[in-house]
Structures are given as C-alpha cells and as structure tokens.
Amino acid sequence: MNTMRIKPALHYQLDYVMWTVIWVIGIGVAISILAHIITGVVVLGSINIGGFFVAGDSANMAYSVGGVMIFIAFIFGVGGIREDLRFFVQNGLGRRTTFFATLFGALIAGAAIGLISEVFNLIHRAVPVFPLTGNQFNTGGFFVGWLMHIIAFTLAWQLGAMISLIYYRLSTVGAVVFSVVAGAMILFGFGRMVGGLITWLEHNDAANLVYLFDFARSPATMLTSILVVTAVVSTITYLLITRAQIHEP
Amino acid sequence: MRIELKNVSKRFGQTQALDSVNVVFGEQKIYGLLGNNGAGKSTMLNIITSRYLADSGEVAMNGQPIFDNDACLNQIYLLSEKSFYPDSMKTGEAIKWAAIFYPSFDRNLAHQLAERFNLPLKKKITALSTGYASIFKIVMALSSGAPVLLLDEPVLGLDAGHRDLFYKILIERYSENPCTIVISTHLIAEVAGLIEHCVIIKNGRIVKDAPAQDLLAGGYTVSGPAGLVDEYIRGKRVLSQSGLGGLKTASLSGERPNELPQGLESGRLNLQEYFIELMNEEA
C-alpha cells in the first residue's frame, strides 16, 4: 500500500514559508506606516507594482498585505516547487507528498496571512485616521474576506507551481517561446489584459461570466468561482508533479 | 530489504538507457554496480528512487511498488552525483532536516563523521568544493540509517586519504549495522575488496549478475619470466597482459590449473581486468 509522510514535509514547508511571511509583513507594515506619515505631508500619486498598489492618495492611503502576499505566494510557487520536489525526493519522500505538503502549506500560510490582513482591515475600520490596509476582499465581511485570502493565496501558489512545472517539461525551443510569451505578458501588464478581457466580455453579452469574478456584486459567487479555478489548477499541478522527471538544477 | 526490478526500460530521446532490466538487490550484501559511462547505472538508481519514471516495468521493495511510496522511499538513501539540496541550505541545516525526514537518521554520527572528515557545518552546500560536496553526501548517506544505501560515484573528487577513510567507515558501518549497499563506481580496483556481488551493465542491459567470487573464479593470472609466460599462454584465451623488464603477467580465462610449469606462478584474477575484458568482449 502506498503511504505518505506529510508531517515532516509540511514542517519543512511552513518553516520555509513562515519566516518569509513574517519578514514581508514586517516590512509591509513598516512601509505602510512610513508612507502614511509621508502622505500626511505630501500627496502621492498611485504607484502600481504588479497589479497591487503600494500607495494611493493622501485621503485613502492603503497597503494591501493580503495582495502583496498573494504575489509572494505566486513567487513561492514558481521558485519553490522544483527545489522542494528535489529536496523531498532526496530525503525519501514522494511526489504526492510534495504536492500535498505544498497545498496544505499554502492553505495554512494563506489562513495566517488572511487573518492578519483582516485584522488590519478591522483596525482600519475602527480607526479611519490610521488606515493600514486596503482590503479588496472585505466587501463580504470578515469571514468571507478571510476565506477569500486563503483561496487566493493557494491559487496563486498552485498557479506559480503549475507554470514552473510546465516550463520544466518544455524543450529548449518551447522554453524560449514560453519565456517570450511570459515576458510579453508582464510587459503589457496582466491588469490591462484582464481589463481588456472583461470589457470585451461585457461588450459581447458575456456579463454572466464577468459576474462570476466580480467580488463587489457577489462575494459568495466569486468565492465559489475562484475555488473551482483553484481546484482545476491544483489538479493540473498534481498531474505535472507525479509525471515530472527530477533532474539536477 | 529486497529491491527487485522487473523488465524495466527507459529511453531518453534516441538513447535506450535501460533495456528490459531484471535485477534483484537482496538483503545485507554489498553490490558493485559496474559499467562504462552512459551504461545506465545512474538511470537505474534514479528509477529505483522515483526520480526518473520508467517507461515500462516494475520496481518493488519486498514486493511493494516503490514508486511514490514514502514507506519504501524512506528505507533508501541515494547518494547521487548531483546535488538535490536547496541553494541556500547549509550543511548543518541539511543534517537537521534529514533527522526529521529519516526516522533512523543518526545526528550524532553525522556530526562525528563531519568532524572526522573536517566537513564545515556552517557552509552552504553549493559553496563546497567537489571533494567536500562528496564528503557531505557521504556523511548524509552513512548517517541516514536507511537499510538500503545506493552510492553513485561516492568518492568523486576525493583525495586518497579521504577515499581510504570513507572505505574504512563504510566497512565499520556495514559490520555494525549490516544493510544493502549498492556501489556504482568507475574505480573498480578500489572497491573490488568490498564487493560481494557484481551487477555489470552495458548499453542498458545487464551482462553479468553474479557473486564476485564466481566471476573471478572464471579466470586466473600467470606471472613469471616473459618467455615462459608467452609460451604458456599460447593458444589460451588471454584477457590482458603486461610486462616489466623481463617479467610478465597475463590474465587468462578459464579454470585455474593445479600445476604450472616450473618458474611460473598463478594468482587470482583482478576484478578490474575482468571488467575491462568483459566490456571488450561484448563490443
């Protein structure tokens, strides 16, 4: 019978993730406090980095811990999965164990980060003169917002892992094409692409599809939609992990 | 622990790395997995440990499929040529984590061995020289407590002193705690004294799978004055010959004779010579 030893793998995952999370949150909070102090004097324009905003106007200075962490989760997925796979296999663990340790690691880390982000949001509401975070998932309330963070964090991680594993399987030519396409996407901006897609969908009577991912209109619907996307991406990641040849870096 | 490969094949592009390989690594024995470069030795070890996926065939431990089975994989430690540790990890951290992953990992032994080999514990694994990278892997393998040790080129880049120390410690560990050890190496002469059973692989196929003693019983050496040796070996199957001054030594195939012409001495066949001849023969 095939068995899995998830506990030690999860221990490693959380140890690796949590320290990064603590650092990022610490730096994030420090930056937001500093930025808030500065915006008390100077009016800043919006600064956009990778789809999340660092600073808004002086009236609504915000720093999204959750948003940053979702981006970090993507980086964890892209950069960590192959290293984890090699390390776990070297230490007598299998591919399924690697997948589930990664998945559970993302869920636990997402839960912790979501909680921190939501607490910041509560502080923001209670003390409007001292806004520490702008929480894009807050429309559905504390619990839905927290769940949204967990799922979005997990999705970002699994998506990163999936992209990394696809890249891992490509031939040299495929890897070059993939890199060019990915580079072009980054260059033109995901946000603009998604925005364009939404506009296109709206103009083509596909409003229902837009509705699925519109958090402001229906948090529960979007939660379900993202959950389904996460399940699909995770399944693809699982299939890729169980079929990967594990080479040296 | 018994590892069995049944009809295992693996192809990389146009290269047939393993071709219907059938082999059994039994309990508490030291195996020599011998073959030229590209023969398929590392591929076999990588398939046993689930790093590579076999195109066909089965790999089992005590009858249980090994692939993706943590209960089996945890009983095997593969010391491979390539490093599978994270770039930022230090040697001491790797020891700490191995003790968490391998239930039988002996952390004290790892520290003792690190001291005997002068392995720094606060250095990044990727920053180690080739020799110290091998030492690090040796320390990890010998401390793992795994009942199956697969050692792929374990002494790569090691100086003579460290190689000697490694063989001594390997024998110590084996006598204290008998386990299955598979040594894949090019340095056949160095491991000849350790190997109990030989698995010789060529172009992805097993060409010999027998106890070392049985293999070496199939030949013998003759040495003495060059003229006498030349006369004696005429018409016989010569595996190799070498001379120095007026003396000559020849390795011959066949059963060792009870008596030899006066002036000649017979000896045991050398595993390396046997291997070289076997490789030439099959070519």
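Each chain gets a letter, A, B and so on, in the order the sequences are listed, and its residues count up from 1.
- Contacts of A:Thr98 with chain B are absent, with no heavy-atom separation under 4.5 Å from either backbone or side chain.
- For chain A, the nearby part of B:Met89 is the side chain; its heavy atoms alone come within less than 4.5 Å.
- No part of B:Lys137 comes within reach of chain A, as not one of its non-hydrogen atoms sits under 4.5 angstrom from that chain.
- The local environment of NZ in B:Lys90 is sparse, with at most 12 non-hydrogen atoms from other residues, nucleotides or ligands closer than 6.0 Å.
- Geometrically, B:Lys82 does not engage B:Phe84 in a cation-pi contact defined by less than 6.0 Å to the ring centre and at most 45° from the axis.
- The distance from atom CD of A:Gln245 to atom CZ of B:Arg51, rounded to the nearest 0.5 Å, is 12.5 Å.
- In B:Gln28, the CD atom is crowded: over 12 heavy atoms of neighbouring residues, nucleotides or ligands sit closer than 6.0 Å.
- For the atom pair CD1 of A:Ile70 and CZ of A:Phe153, the computed distance is 8.5 Å after rounding to the nearest 0.5 Å.
- For chain B, the option among A:Arg95, A:Glu83, A:Lys7 with the highest count of heavy-atom pairs below 4.5 Å is A:Arg95.
- Checked for salt-bridge contact, B:Glu4 and B:Arg2 meet the test: a charged N lies under 4.0 Å from a carboxylate O.
- Between B:Arg116 and B:Glu172, at least one side-chain N (NZ, or NE/NH1/NH2) sits under 4.0 Å from a carboxylate O, which counts as a salt bridge.
- Among B:Pro86, B:Ser50, B:Ala146, B:Ala98, the residue with the largest count of heavy-atom pairs under 4.5 Å with chain A is B:Pro86.
- A distance of 6.5 Å separates OH in A:Tyr168 from CG in A:Leu85, rounded to the nearest 0.5 Å.
- A salt bridge is absent between B:Asp55 and B:Arg11: the closest approach of a Lys/Arg side-chain nitrogen to an acidic carboxylate oxygen does not fall below 4.0 angstrom.
- Contact residues of residues 9-17 of chain A toward chain B are A:Ala9, A:His11, A:Tyr12, A:Asp15 (heavy-atom distance under 4.5 Å).
- With a 4.5 Å cut-off on non-hydrogen atoms, B:Tyr77 touches chain A through its side chain but not through its backbone.
- Only the side chain of B:Ser80 comes within less than 4.5 Å of a heavy atom of chain A; its backbone N, CA, C and O stay farther away.
- A:Phe178 and A:Tyr167 have tilted rings, their planes meeting at an angle from 30° to 60° on a 0 to 90° scale.
- Only the backbone of B:Leu78 comes within less than 4.5 Å of a heavy atom of chain A; no side-chain atom from C-beta onward does.
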